[in-house]
Amino acid sequence: MKWGFSMKGYLKLEDGSIFEGKLISKNKKGYGEVVFTTGMTGYQEAITDPSYAGQIVVMTYPLIGNYGINKYDFQSEKPHIRGFVIREYCDKPSNFQSEKSLLSYLDEHNIPVLSGVDTRALTKKLRENGTMRGIITSNADDNIEFDQTNLLEEVSTKRSYRIAGIGPKLAFIDLGTKKSILKMLNSVGFDIYVFPYNASYDDVMQINPDAIFLSNGPGDPKDAVYAIELTKHFIGIKPVLGICLGHQIIALALGCNTVKMKFGHRGANQPVKDLLTNKDYITSQNHGYAVEEESIDKDKITVTHINLNDGTVEGIMHKFLPVFSVQYHPEACPGPRDSTDIFDKFMDIVMVYKRRSYFAEV
Ligand SMILES: NC(=O)CC[C@H](N)C(=O)O
């Protein structure tokens with residue numbers, strides 16, 4: 001075995017089923033919600049996307065690690081997954097940007113890796129039975145334990161900071177953001193002030209923002225109680241945009257409901273229809289909850305996007321107020337860049353509002 005000491009290991013699921021493989025990492029144990037993602041590439045972005053905190057990630061693409069780890073594709077400071085399950089590990093990465101192997105990176109951060117698993121059978125099981133909790137372990141008799149950590153506290157910034165820009169002031173609520181979202185918002189000109197997940201209305205008003213943004217993030221959107229309250233304060237006062245968890249939080253703040261999906265959407269080729277333009281996009285996604293269609297008050301809120309595989313809600317917009325959100329990831333990373341224009345659209349809306357309030361004052 002080229003990558004050092006490995007031993008027989010298991011992924012045991014809540015329903016008692018056991019999948020055998022080889023524990024190739026230093027850490028040989030981890031608990032989490034077991035989810036699969038279908039992206040053929042993009043493992044570096046996925047493992048460092050804080051939305052995956054608390055989860056054991058199964059890659060359906062059969063060969064993982066072949067292009068190593070580079071310094072450009074990190075979505076946060078470290079991996080947030082609780083474990084990694086793959087079919088075959090490639091220990092000889094070959095790519096001009098590669099700086100280290102995937103396994104050495106995961107070992108640095110103590111993430112358990114189970115290789116040699118029949119990921120096709122495992123994915124079929126998760127599709128049929130739905131997402132389950134599980135344990136990666138060297139002892140199949142081990143019990144699955146449950147992690148009680150506050151995921152938002154774990155992944156959000158601990159203190160506020162600024163990413164300066166020449167445009168309007170954006171209060172950015174970091175619920176475990178991907179770096180690419182900050183980059184995209186900054187590239188269209190926003191002067192970004194990043195706040196922790198539990199920022200209060202008074203905290204945010206200290207900068208007198210022109211707009212509010214709610215990021216992606218892990219867990220059940222109903223747990224994001226601070227962000228839901230904060231959003232309620234700003235709806236109708238400032239333009240608000242949300243992506244993924246941020247979209248779900250906006251929906252909850254508007255009085256809609258969110259529900260847990262059977263196995264979610266995780267991958268880089270999820271088809272979405274834009275109902276306003278009748279265009280279809282291929283999108284990057286990573287979510288296990290969705291806004292419940294029946295809970296949407298259609299007199300007040302328009303469904304702007306749907307998923308073409310299962311018809312679930314992928315975007316909403318308030319009919320009269322500058323509030324809109326999408327469930328998919330327009331910033332891609334990994335995945336297609338079909339829908340990046342949302343950031344320009346948000347800037348346009350914010351500028352219209354800013355000018356309007358300026359002329360109302362003079
Ligand atoms: N990427 C995200 O923001 C995920 C949102 C939420 N945690 C979900 O799984 O639905």
Side-chain angles (χ1 to χ4, degrees), residues 32-39 42-43 45-58 75-76 79-82 126 130-133 147 149-157 172-182 184-185 197 213-228 231 240-253 256-268 270 272 283-293 295 305 307 309-310 312-316 324-335 339 342:
E33 183 187 33
V34 184
V35 298
F36 65 88
T37 177
T38 58
Y43 55 78
E45 292 92 326
I47 60 181
T48 57
D49 175 351
S51 308
Y52 281 109
Q55 296 175 328
I56 291 176
V57 174
V58 180
Q75 292 303 314
S76 66
H80 293 275
I81 57 172
R82 295 281 191 271
L126 295 173
T131 303
M132 279 180 269
R133 287 175 175 147
D147 207 330
T149 51
N150 176 347
L151 293 174
L152 292 177
E153 186 178 14
E154 182 183 318
V155 297
S156 175
T157 181
F172 183 106
I173 313 304
D174 175 10
L175 305 153
T177 191
K178 289 168 70 184
K179 281 187 176 171
S180 310
I181 296 182
L182 286 164
M184 294 297 290
L185 287 164
Y197 77 103
F213 179 86
L214 296 133
S215 84
N216 64 295
D220 185 336
K222 288 179 183 160
D223 291 342
V225 284
Y226 295 104
I228 297 169
T231 308
V240 184
L241 171 65
I243 290 179
C244 213
L245 181 66
H247 154 78
Q248 298 162 353
I249 287 170
I250 288 174
L252 289 167
C256 311
N257 189 31
T258 52
V259 284
K260 186 154 181 155
M261 301 165 88
K262 195 171 176 193
F263 49 83
H265 299 149
R266 294 179 187 82
Q270 288 283 334
V272 163
T283 68
S284 177
Q285 299 200 13
N286 159 24
H287 63 111
Y289 293 83
V291 175
E292 188 180 36
E293 225 251 305
S295 73
H305 299 78
N307 187 297
N309 286 338
D310 60 11
T312 50
V313 177
E314 292 276 358
I316 58 169
F324 66 109
S325 58
V326 290
Q327 182 65 79
Y328 55 89
H329 283 271
E331 80 287 359
C333 297
S339 42
I342 192 170

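If you're wondering where the values come from, they're calculated on a predicted model, not measured in any experiment. We count residues from 1, following the sequence as given. Each ligand, and each atom within it, is numbered from 1 in the order the structure gives.
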Considering only non-hydrogen protein atoms, determine which one is nearest to atom 2 (C) of ligand 1 and report residue, atom name and distance to 0.1 Å. Cys244 SG, 2.9 Å
Hey, does the side chain of Asp174 reach the backbone of Thr157 with a donor-acceptor pair shorter than 3.5 angstrom? yes
Indicate yes or no for a side-chain donor-acceptor contact from Thr37 to the backbone of Asn286 under 3.5 Å, with no hydrogens or angles considered. no
Residue and atom name of the nearest protein heavy atom (relative to atom 5 (C) of ligand 1), distance in Å to one decimal: Gly217 O, 3.2 Å
Nearest-option assignment for atom 6 (C) of ligand 1, heavy atoms, candidates Gly264, Gly219, Gly176, Pro50: Gly219
For Leu175, does its backbone N or O pair with a side-chain atom of Ser215 as donor and acceptor, under 3.5 Å? yes
Regarding Lys179 and Glu45, does a basic nitrogen lie under 4.0 Å from an acidic carboxylate oxygen? no
List every atom of ligand 1 that sits less than 4.0 Å from any heavy atom of Ser51, numbering the atoms from 1 in the order shown and giving each element. 1 (N), 2 (C), 3 (O)
Where ligand 1 meets Gly288 - atom numbers and elements under 4.0 angstrom, heavy-atom basis: 8 (C), 9 (O), 10 (O)
For ligand 1, which atoms, with element, lie under 4.0 Å from some heavy atom of His329? 1 (N)
Using heavy atoms and a threshold below 4.0 Å, how should the contact between Pro218 and ligand 1 be classified: side chain, backbone, both, or neither? backbone
What atoms of ligand 1 come within less than 4.0 Å of a heavy atom belonging to Leu245? 2 (C), 3 (O), 5 (C)
By the definition side-chain hydrogen bond (donor to acceptor under 3.5 Å, both in side chains), identify the one residue from Gln270, Gln327, Gln285, His247 that meets it with Glu314. Gln285
Taking Thr48's backbone N and O only, do any of them form a donor-acceptor pair with Ser76's side chain (distance below 3.5 Å, no angle check)? yes
Charged N to carboxylate O under 4.0 angstrom, Glu154 versus Arg82? yes
With the threshold set at under 4.0 angstrom, would you say Met261 reaches ligand 1 through any of its heavy atoms? no
Non-hydrogen atom of Gln327 closer than 4.0 Å to ligand 1: no
